[in-house]
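Step one of this worksheet: look at the structure below.
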Amino acid sequence: MTVSSSAPPRRGLHRAWYVAAVAFVAILGAAGFRATPGVLITPLQEEFGWSTGTISLAVSVNLVLYGLTAPFAAALMDRFGMRRVVALALLLIAVGSGLTVLMTASWQLLLCWGVLVGLGTGSMALVFAATVVDRWFVRHRGLVTGVLTAAGATGQLIFLPVLAQLAQGPGWRVASLTVAGAALAVVPFVWWLLRDRPEDVGTTALGAEPGAVRPAAPRVNAAVRALSVLFSAARTRPFWLLVGGFAICGMSTNGLVGTHFIPAAHDHGMAEPMAAGLLAIIGIFDIAGTVASGWLSDRINPKVLLGVYYGLRGLSLMVLPGLFSATTEPSMLIFIIFYGLDWVATVPPTVALCRQIYGPDGAVVFGWVFGSHQVGAAIAAVGAGLTRDHLGAYDLAWYAAGALCLLAAGMSLAIGHARTR
């Protein structure tokens, strides 16, 4: 009797890793605009005479739409596929950023920065990362979530110093066109290489059982599904604890530090390119912190991680006002490194909690939770701008954000784990 030696052919790298790589590049390309507000506030003030509050209002509209678009984008990705939604989002970012070079009035800034780019970046928000991970990975979900989340920080790292130099040299219009070009350059990669589901290429998610069949894509209207998931989740206590904590997360990152760190440093005599370089360093350490957070989220209770992250962030913000100076002192570098490690480390455990508690609806629920993140960011962007206009300094904004982060730490530790669906 002859024994057959027809062993399964050796497989190369799983297709899920290629999809994750394309998603990383797409998120990185969209991150260019996330780096521009802090760099361009002072040049816009100098050219148009607009107040910090006026410019911050446009940033706030962007931040709100960036967040509130997310749950609908997640539902649209379920209905029409990630490839179509992400390609269209990148085109919106390119158009919105490109049109800013033609503006002459503040309402046009509101339309371009606020509405167009807000809708585009909202569709490219962290729900995209959550959707990729949910569809393509069973193993390594926390790690991949951390890596994709870090793509935004990598984009900040790449774009911030470049945009700051362009704004100081050729001018802010060249910086805006650079962002538009970067977004356009990513579209072909998304269209040709991104695939919506493993079944589209005859495989299964990484770590799934052989032959596992995933549920079919929902056929209901995307807006209806997004709202129905919201109404269901809103009846549970963990949802509001997640929403409250992530709103404070947005206040203390995108809304405050991301928008106002550069002008705050400029108030103390620091050159804008130097301050932008410090934010870029935050981006470097954010990559390490977020990837590590994803790895930890696969091993440690996510709510404990959130409590630690928010608590340490709050303490660091309370000491920041005393660290500003015209030069980069060692104490400021220590803050930058520490804050960078914590910047979006909150995302992987938050995604993990949404998945654990809300099951198949976890990505859409995270979209709504992320919406609260951006509402909080918008409130902080306007509030800090008004604080600077009326008090002449940002100090009160830093202290208030620190106190709120300590509150978020307590809210996170109170999150339960019982499945609600």
Side-chain angles (χ1 to χ4, degrees), residues 67 70-71 74 125-127 129-130 133-134 137-150 229-230 232-253 286 288-317 338-339 341-377 401-421:
L126 296 176
V127 292
V133 171
D134 185 59
F137 292 86
V138 173
R139 289 201 310 267
H140 310 304
R141 279 178 164 176
L143 176 63
V144 178
T145 300
V147 171
L148 293 182
T149 302
V229 170
L230 170 63
S232 176
R235 293 195 293 268
T236 67
R237 183 169 177 265
F239 176 77
W240 293 108
L241 292 172
L242 287 165
V243 162
F246 225 45
I248 294 171
C249 181
M251 289 181 179
S252 56
T253 52
D286 180 33
T290 306
V291 172
S293 178
W295 184 83
L296 290 171
S297 295
D298 288 330
R299 293 161 174 80
I300 298 176
N301 190 328
K303 73 174 186 178
V304 174
L305 292 177
L306 283 180
V308 172
Y309 296 157
Y310 286 131
L312 293 176
R313 182 186 299 176
L315 295 175
S316 67
L317 284 172
F338 180 84
Y339 199 80
L341 291 171
D342 188 69
W343 178 266
V344 290
T346 54
V347 174
T350 302
V351 172
L353 285 169
C354 289
R355 186 183 299 117
Q356 289 174 10
I357 298 171
Y358 300 102
D361 291 333
V364 179
V365 172
F366 177 70
W368 287 111
V369 173
F370 182 71
S372 73
H373 183 282
Q374 297 311 113
V375 171
L404 286 171
C405 285
L406 297 179
L407 174 62
M411 295 171 67
S412 299
L413 294 173
I415 295 172
H417 284 275
R419 286 285 295 272
T420 60
R421 294 179 63 81

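Counting begins at 1 with the first residue of the sequence.
One distance of note links CG of Leu296 with CG of Asn301; it measures 12.0 Å at 0.5 Å rounding. In this structure, the separation between CG on Leu242 and NE2 on His373 is 13.0 Å, given to the nearest 0.5 Å. Rounded to the nearest 0.5 Å, atoms NZ (Lys303) and CG (Leu353) are 9.0 Å apart. Put simply, CH2 on Trp368 and CG on Leu230 are 5.0 Å apart, with the number rounded to the nearest 0.5 Å.
Between Ile415 and Pro238, the shortest heavy-atom contact is CG2-CB, 4.1 Å. The nearest pair of heavy atoms linking Gly311 to Leu406 is O-CD2, 3.6 Å. Annotation for Trp240 and Met411: closest pair O-CE, 4.2 Å, computed over non-hydrogen atoms. Nearest heavy-atom pair, Gln356 versus Pro302, reported as atom, atom and distance to 0.1 Å: NE2-CG, 3.7 Å. Taking both residues in full, the closest heavy atoms of Gly376 and Met251 are given as O-CG, 3.0 Å, listed atom of the first, atom of the second, then distance. A pairwise comparison of heavy atoms in Gly142 and Pro348 identifies O-CB, 4.4 Å as the closest pair.
For the residue pair Thr236 and Tyr358, a side-chain donor N or O sits within less than 3.5 Å of a side-chain acceptor on the partner. Looking only at atom types and distance, the side chain of Ser293 has a donor-acceptor partner in the side chain of Tyr309 under 3.5 Å away.
In this structure, His140 has its ring center at least 6.0 angstrom away from the ring center of Phe137.
The backbone N or O of Leu341 lies less than 3.5 Å from no partner atom in the side chain of Asp286, so there is not a single donor-acceptor pair. Listed for the Ser232 side chain is no donor-acceptor partner under 3.5 Å among the backbone atoms of Val229. Counting only distance, with no hydrogens or angles, the side chain of Arg237 and the backbone of Ala414 share a donor-acceptor pair below 3.5 Å. Between the Tyr310 side chain and the Ser412 main chain, no donor and acceptor come within less than 3.5 Å of each other.
Applying the side-chain contact (heavy atoms from CB on, under 4.5 Å) test between Arg355 and each of Thr350, Val365, Val133 identifies Val133 as the sole match. Each of Ile248, Leu315, Asp342 was scored for a side-chain contact (heavy atoms from CB on, under 4.5 Å) with Cys405, with one residue passing: Ile248.
In this structure, Phe338 and Leu312 have side chains that are in contact, with non-hydrogen atoms separated by less than 4.5 Å. Within the 4.5 Å cutoff, the side chain of Phe366 has heavy atoms near those of the Val347 side chain. In this structure the side chain of Cys354 reaches within 4.5 angstrom of the side chain of Val369, judged on heavy atoms. Contact annotation: the side chain of Phe239 approaches that of Val243 to within less than 4.5 Å [non-hydrogen atoms, C-beta and beyond]. By the 4.5 Å heavy-atom criterion applied to side chains, Ser252 and Arg313 are counted as neighbours.
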* **Evaluation steps, side chain to side chain contact (heavy atoms under 4.5 Å, CB included), between Thr145 and Ser297** => CA-CA 10 Å; Thr145 300; Ser297 295; over 6 Å; no
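No salt bridge links Arg139 with Asp298; every basic N to acidic carboxylate O contact stays at or beyond 4.0 Å.
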